[in-house]
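Report on one structure; see the data block that follows.
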Amino acid sequence: MNRPARFVAIWLVSLLALVLLIGAFNAAIDPYDVFGAPRIAGIDLFKPRAKNHSMLAKTYQIERFHPVTVLLGSSRVHIGIDAHGAAWPAAMQPVYNYAIPGWYGTNTSYRSLQEAVAAGPVKNAVIFLDFQNFFAPEPTAVVADEDQKRLLVQADGSPNPARRLQRLSDAALSLFTMGALLDSAGTILAQHDAVVLDLPVDGSSNEADFINAARADGMYDLFAQKVAFEQDRAEGLATFLANWQGPLPNMDIVSRIISYCRAHGIALTLAIAPSHGDGLELYWRAGLWPRVEQFKTELASVVAKDGGGAVPLWDFSDYSEWTTEPVPASGDRKTPTRWYWEPTHFKKALGALMVRRMFDHDPTPFGVLLTPDNVAARNAAVRAQRQALVCESGRAMLTALPHPRPTGCDGSGISTRESHRGPT
Amino acid sequence: MLFNSYLFIFGYMPVVLAGFWLLGQRRRDWALIWLTLASLFFYAWWRPVNVLLIAPSIAINYGLSRALQRYGETRPVLARVVLLSGIAFNICFLGYFKYLTFLQGTINDAFGAGLILTHVILPLGISFITFQKIAFLIDVHAGRVTSFTFRDYALFVLFFPQLVAGPIVHYREMMPQFHAAPCRFDAENVAVGISLFFFGLAKKLVFADPLSRLIAPLYTQTTPVTMIDAWIAALGFTLQIYFDFSGYSDMALGLARFFGIKLPVNFNSPLKASSMIDFWLRWHVSLTRFLTAYIYNPLTLALTRRRQAKGKPVFGGRNTTVSAFATLLAGPTILTMFVSGLWHGAGYTYVLWGVLHGLLLSVNHAWRLLRPRFWRDARSYTRLMKPVGFVLTFVSVVFGMALFRAPTIGGAVGLWQGMVGFHGLTVPKALFSHFGPVANWLQALGVQPVWSSGSFLMEAVLRIGILLLIALCLPNTLELLSRYEPAIGVRPPRQQPAWMGRFAWTPSPAWAVGLACVAAAGILSLGELSEFLYWQF
């Protein structure tokens with residue numbers, strides 16, 4: 001064999017060996033938890049790289065997990081509620097946290113619920129609804145085509161014929177891509193960090209992102225950065241809803257979720273996720289508070305009508321002591337917060353409290369069961385909470401914003417600028 | 001079908017090569033017909049209707065070429081008419097598909113005509129194919145091509161490794177190779193082809209594409225781009241298009257080499273250029289060669305003759321007058337680069353980019369004429385001014401690339417403003433808070449901490465830094481493979497550093513394993529499909 005021929009032969013054999021070796025390495029480390037490879041301490045016990053592929057990872061995880069209870073929602077639920085915490089009653093366990101981090105639409109919860117039911121013996125569903133995410137159309141960035149094709153069933157409930165091909169593609173991309181190789185290497189390297197981000201088998205998060213950020217920058221910076229981000233989002237939402245007439249969008253998805261659960265014998269619990277007072281203030285500033293109240297009013301009505309009284313709707317969104325803790329001063333990297341990482345993401349402690357309130361008769365006066373009968377009083381009570389806390393006591397909410405002067409303290413509870421846009 | 005796709009690498013190429021080598025063992029012309037049909041299939045795969053457009057164009061050009069060959073010597077006037085008709089036909093063909101909408105938009109902008117814009121789908125590679133056909137007509141008319149058949153002509157136009165994005169080749173440098181090609185498995189050609197192709201694939205997928213995804217948001221953000229981000233956007237795109245085009249050019253060379261064909265050099269480390277003239281001898285070399293041969297030279301020649309006839313001074317080295325320089329060098333240069341800009345894209349940004357490069361080339365030429373008058377020692381000049389020339393060229397190219405990437409001239413101007421600091425200088429707060437006492441000093445200088453992503457900045461600086469080192473400090477593929485003539489006429493330099501001799505590519509086991517790693521990196525990055533930037537032209 002001449003030199004060039006030997007070169008071609010060695011190249012070909014080396015290439016094949018290398019690609020197979022990389023595939024085997026990726027299968028063993030399984031950075032996205034697609035294959036359910038054994039987790040080995042010091043090597044791949046934690047899966048930090050699964051976070052950016054949560055739709056992929058969680059779909060495979062839930063099919064292996066077979067939960068009795070499924071938790072659905074956005075990143076707030078993903079981060080803030082432990083699926084394996086002691087707060088859950090034994091009858092509801094095992095619980096799988098199928099909340100998807102990132103900006104997701106309400107319809108995602110519906111599709112995820114279908115997937116969970118198709119995958120296992122789900123008896124309970126707990127869905128947290130976010131005011132700011134509720135109105136968003138299904139974002140293609142998060143729920144891309146492949147995320148739909150991967151699911152066991154289609155939107156109409158029939159078996160998904162595209163699934164096999166998509167799963168082959170998932171396997172190929174999880175084994176034979178540079179991204180997977182880098183993520184496998186990153187997984188191993190991250191194991192010895194002080195706090196390692198993880199996606200455990202029950203889909204919960206270990207809050208490592210926030211723990212590390214809080215240590216590096218302090219709580220004030222976490223709050224300030226999120227407030228700046230959410231401010232833009234709130235203004236965008238205000239523009240979107242400015243001329244919206246009639247019932248709010250996406251209420252039909254709630255109806256569909258309720259009907260689906262009734263049809264499949266699933267006990268459904270709905271909850272309005274809590275925001276820190278700083279986050280709620282952004283709605284006031286953007287003139288969205290009437291829409292927040294409208295959201296609660298319509299939701300209570302739809303849940304009562306379609307749920308036939310069997311679907312509890314909890315409202316944790318208020319200005320109580322659990323949602324208005326002070327933000328440590330700028331530059332303070334040591335003082336922790338108890339309930340919140342930043343205005344929208346609550347800590348697991350608050351998550352556990354909510355779980356106990358909903359399922360373990362915890363007497364803590366946080367959150368109320370919302371019904372069409374009490375929703376007006378609840379809205380008035382939250383307004384009064386704010387009036388007392390923000391307007392009368394002069395408590396500087398929104399410490400992280402450049403203009404801390406509160407909006408809507410003209411006596412009505414709703415600023416004059418937006419008062420004409422009352423709940424319809 | 002993209003070169004950087006599973007289908008092309010694991011489907012199309014093995015089948016085409018196997019067919020070519022098997023048929024070549026029986027009859028060479030069968031192998032060449034197979035290659036022509038495979039190229040047509042490659043072209044049709046994109047949009048089958050394109051074949052209906054290109055096939056008549058090939059037939060008409062072939063007919064015109066035959067007429068030129070027939071009447072070239074016996075009836076020169078008729079031949080000239082045929083030539084001009086052929087050129088006009090090709091320009092109209094290109095003009096309709098590529099420039100009609102732009103022309104209508106320009107008329108609307110200038111006169112408020114309110115013409116309804118016609119949206120014509122651009123056939124793939126039309127700019128490259130058209131230039132090649134025009135060059136062929138001119139070569140036949142000039143007698144540089146004397147014998148050809150329809151089969152040869154079709155293969156020349158359709159040969160898939162260079163069909164879509166060049167290099168722009170001449171018939172006379174390609175057909176002798178096709179006629180001499182062994183059309184059988186040749187281990188050396190395959191070894192060189194593999195090396196070139198996979199070096200190119202890795203450049204495209206490992207270097208260019210991640211950078212593209214990183215900088216894309218900077219070109220769509222609605223708020224003014226501040227200084228650091230503006231430089232990231234400009235440098236990032238310069239390196240993206242550099243590795244994209246370099247990668248494509250290597251892959252084209254490699255693919256052609258599988259068939260025993262050597263293509264001309266198209267890309268030769270242009271960011272190492274120490275002047276604008278040097279830059280254009282390294283960037284898209286085959287286009288520069290075409291424009292020089294078929295636009296710049298004839299134009300300069302005609303203008304020189306006209307000035308001579310009028311008794312005016314012509315170009316005369318150091319003694320060139322200002323008017324001769326303006327008429328015979330700056331004017332034709334700017335006009336040629338205007339055409340180059342327009343060729344790249346039907347848009348004001350491309351035109352302005354071309355004119356800008358024309359102006360820079362003219363300044364470079366003027367400097368070359370003036371410099372010896374006050375700096376006679378060429379050796380000291382080169383020693384001192386080469387680095388200065390490199391920096392000036394690099395910065396000019398980076399600034400110019402803003403026009404290439406920005407969607408509008410306003411967008412490019414906004415980016416330029418950002419690059420010179422008109423929109424302020426900001427640093428992510430996450431980084432700023434770790435600067436300690438330096439932070440106060442920076443703030444006093446006007447640097448503002450903002451809530452932007454620190455990890456974005458770190459990744460961008462790291463990527464751009466590494467890619468700049470690779471582009472500026474490492475030998476390029478042509479240099480590495482120079483012992484095996486990777487492109488037409490590329491040979492090892494007579495003097496090269498000793499380390500270069502040691503690391504130069506040879507078909508050794510070490511290079512085979514090393515290249516397997518490069519190929520694996522490329523293949524494992526095939527997940528996301530992305531077009532080559534030059535395919536859009």
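To find a chain, count down the sequence lines: A is the first, B the second, and so on, and within it residues start at 1. Remember, it's a predicted structure, so these values are computed and weren't measured experimentally.
- Not a single ring pair (Phe, Tyr, Trp, His ring centres under 6.0 Å) links A:Tyr60 to another residue, sequence neighbours left out.
- Here the CG-CD1 distance, from B:Leu515 to A:Ile10, works out to 12.0 Å after rounding to the nearest 0.5 Å.
- Under the salt bridge (charged side-chain N to carboxylate O under 4.0 Å, His left out) criterion, A:Arg164 pairs with no residue, sequence neighbours left out.
- If you measure heavy-atom distances from B:Ile194 to chain A, the contacts under 4.5 Å come from the side chain alone.
- The choice from B:Ala191, B:Gly514, B:Ala520 that makes the most heavy-atom pairs within less than 4.5 Å of chain A is B:Ala191.
- At a heavy-atom separation below 4.5 angstrom, chain B is approached by A:Val19, A:Ile22 within residues 19-33 of chain A.
- B:Cys517 places a side-chain heavy atom less than 4.5 Å from the side chain of A:Leu18.
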Run the side-chain contact (heavy atoms from CB on, under 4.5 Å) test on B:Ile523 and A:Met178 for me, step by step, so that the C-alpha distance in whole Å, both residues' side-chain angles and the decisive distance to 0.1 Å come before the verdict.
CA-CA 8 Å; B:Ile523 289 169; A:Met178 198 56 141; over 6 Å; no
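- Under the 4.5 Å side-chain criterion, counting only non-hydrogen atoms from C-beta, B:Ser195 is in contact with A:Phe7.
- At a threshold of 4.5 Å between non-hydrogen side-chain atoms, the residues A:Arg6 and B:Ser508 do not count as touching.
- For A:Leu165, the CG atom counts as loosely surrounded, since its 6.0 Å shell holds 12 or fewer non-hydrogen atoms of other residues, nucleotides or ligands.
- Around atom CZ of B:Phe503, no more than 12 heavy atoms belonging to other residues, nucleotides or ligands sit under 6.0 Å away.
- Every pair passing salt bridge (Lys or Arg N to Asp or Glu O under 4.0 Å) that includes a residue from residues 220-229 of chain A is listed here, sequence neighbours excluded: A:Lys226-A:Glu230.
- Annotation: maximal heavy-atom pairing with chain A below 4.5 Å, among B:Ala516, B:Ala521, B:Pro509, occurs at B:Ala516.
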Checking side-chain contact (heavy atoms from CB on, under 4.5 Å) for the pair A:Trp11/B:Trp511: CA distance, chi angles, key distance, verdict?
CA-CA 8 Å; A:Trp11 174 80; B:Trp511 262 108; over 6 Å; no
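- Across all non-hydrogen atoms, the minimal contact from B:Pro507 to A:Pro4 is CB-CA, 3.9 Å.
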